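Please read these numbers as outputs of a predicted model, since none were measured by experiment. Lettering follows sequence order; numbering is per chain, from 1.
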Amino acid sequence: GNSVTQMEGPVTLSEEAFLTINCTYTATGYPSLFWYVQYPGEGLQLLLKATKADDKGSNKGFEATYRKETTSFHLEKGSVQVSDSAVYFCALIGGGSNYKLTFGKGTLLTVNP
Amino acid sequence: KAGVTQTPRYLIKTRGQQVTLSCSPISGHRSVSWYQQTPGQGLQFLFEYFSETQRNKGNFPGRFSGRQFSNSRSEMNVSTLELGDSALYLCASSLGLEAGDYGYTFGSGTRLTVV
């Protein structure tokens, strides 16, 4: 079945530092890949997505590139802000389960001023 | 446009009781999915409905059930509640045509506490 593995953290950074959260996946076929963000007390918000190999998803300064050769979708941001503090989830859909999101365990990011 | 609306936001129930949670998807979205989020198990898929039909079901006991109405609103029911059912229950909606293209939009969740 499908699976997603992401670095569990927690990750603590200073404001304006560079962020990388690693995500690798296992799936058959060509899944679509997502990063979701969850702020305290809230549901999940779609941060960015990529639907095919070599696609780059980007939003609010965050980027991730769909690398089929390494089955990875690492999240990056060049300069984090305190407001980026949240839990980040890597997820995929497809690979035979077209209506079900498979999530990683989430990475807690804390950005200090 | 309005997002995904889940009611109630918080719920406290006693073991053995049953509970019904409600989800109103984004207008025009025909697919509704439910997920359970707990600190130990993370985000787990419960089921997905499209046009009133269940298309996919996760590995949960039969005490967990759901349905979707003709207006795409969905409910999930948990019977004979157990302490382990305490969780944040998230509803998500999608156009349903190609979920991989669009992803899902999530509601804020219902926090269920079983005492």
Side-chain angles (χ1 to χ4, degrees), chain A residues 1-10 23 25 27-53 55 57-59 64 66 68 73 86-108, chain B residues 3-7 9-10 21 23 25-26 29-51 53-60 66 68 74 87-111:
Chain A
N2 297 338
S3 67
V4 175
T5 303
Q6 64 179 104
M7 56 189 286
E8 293 193 16
C23 171
Y25 68 89
T28 56
Y30 300 92
S32 294
L33 303 174
F34 305 86
W35 277 99
Y36 280 87
V37 58
Q38 186 175 35
Y39 298 100
E42 298 184 14
L44 303 177
Q45 297 179 22
L46 178 62
L47 182 59
L48 53 84
K49 65 179 174 71
T51 59
K52 60 183 187 295
D55 267 1
S58 60
N59 186 26
Y66 188 162
K68 189 155 180 66
F73 193 54
V87 181
Y88 292 81
F89 293 92
C90 184
L92 69 83
I93 196 165
S97 297
N98 290 321
Y99 313 115
K100 166 189 167 183
L101 277 163
T102 299
F103 287 92
K105 291 190 177 298
T107 301
L108 173 63
Chain B
V4 178
T5 303
Q6 292 187 246
T7 56
R9 285 295 308 272
Y10 302 93
L21 312 182
C23 173
I26 289 173
H29 283 193
R30 295 164 64 189
S31 168
V32 174
S33 299
W34 290 88
Y35 291 81
Q36 181 196 64
Q37 185 178 25
T38 58
Q41 299 299 316
L43 284 152
Q44 293 187 288
F45 172 76
L46 282 155
F47 24 68
E48 187 262 355
Y49 289 88
F50 178 78
S51 292
T53 299
Q54 186 182 89
R55 289 195 297 194
N56 209 345
K57 187 178 190 305
N59 296 322
F60 278 81
Q68 186 181 33
S74 177
L88 179 65
Y89 290 88
L90 293 165
C91 169
S93 76
S94 170
L95 287 168
L97 301 175
E98 288 292 339
D101 289 341
Y102 302 102
Y104 282 89
T105 301
F106 282 80
S108 297
T110 293
R111 171 74 62 185

Shortest non-hydrogen contact from Gln6(B) toward Cys91(B)
OE1-N, 2.9 Å
Name the one of Gln68(B), Gln54(B), Arg30(B) that satisfies side-chain hydrogen bond (donor to acceptor under 3.5 Å, both in side chains) with Tyr49(B)?
Gln54(B)
Could you look at Arg111(B) and say if it's the side chain, the backbone, both or neither that has a heavy atom under 4.5 Å from chain A?
neither
Considering only heavy atoms, which portion of Phe47(B) lies under 4.5 Å from any heavy atom of chain A: side chain, backbone, both, or neither?
neither
Quick check: closest heavy atoms across Phe106(B) and Val4(B), and the distance to 0.1 Å?
C-CB, 4.0 Å
Let's go through Phe73(A) and Leu48(A) carefully: what are the C-alpha distance in whole Å and the side-chain angles of both, what is the deciding distance for side-chain contact (heavy atoms from CB on, under 4.5 Å) to 0.1 Å, and is it a yes or a no?
CA-CA 11 Å; Phe73(A) 193 54; Leu48(A) 53 84; 3.6 Å; yes
Please state whether the side chain, the backbone, both or neither of Ser31(B) comes within less than 4.5 Å of a heavy atom of chain A.
neither
Is chain B contacted by the side chain of Leu44(A), its backbone, both, or neither, given a heavy-atom distance below 4.5 Å?
both
Contact class of Gln37(B) relative to chain A, heavy atoms under 4.5 angstrom
side chain
Bottom line for Gln45(A): the part with an atom under 4.5 Å from chain B's heavy atoms is neither
Note: Leu90(B) and Gly107(B) closest approach over all heavy atoms is CD2-O, 3.6 Å
Given the options Ser108(B), Gly58(B), Gly42(B), which has more heavy-atom pairs under 4.5 Å with chain A than any of the others?
Ser108(B)
If you take all heavy atoms of Ser93(B) and His29(B), which pair is closest and at what distance?
OG-ND1, 2.7 Å
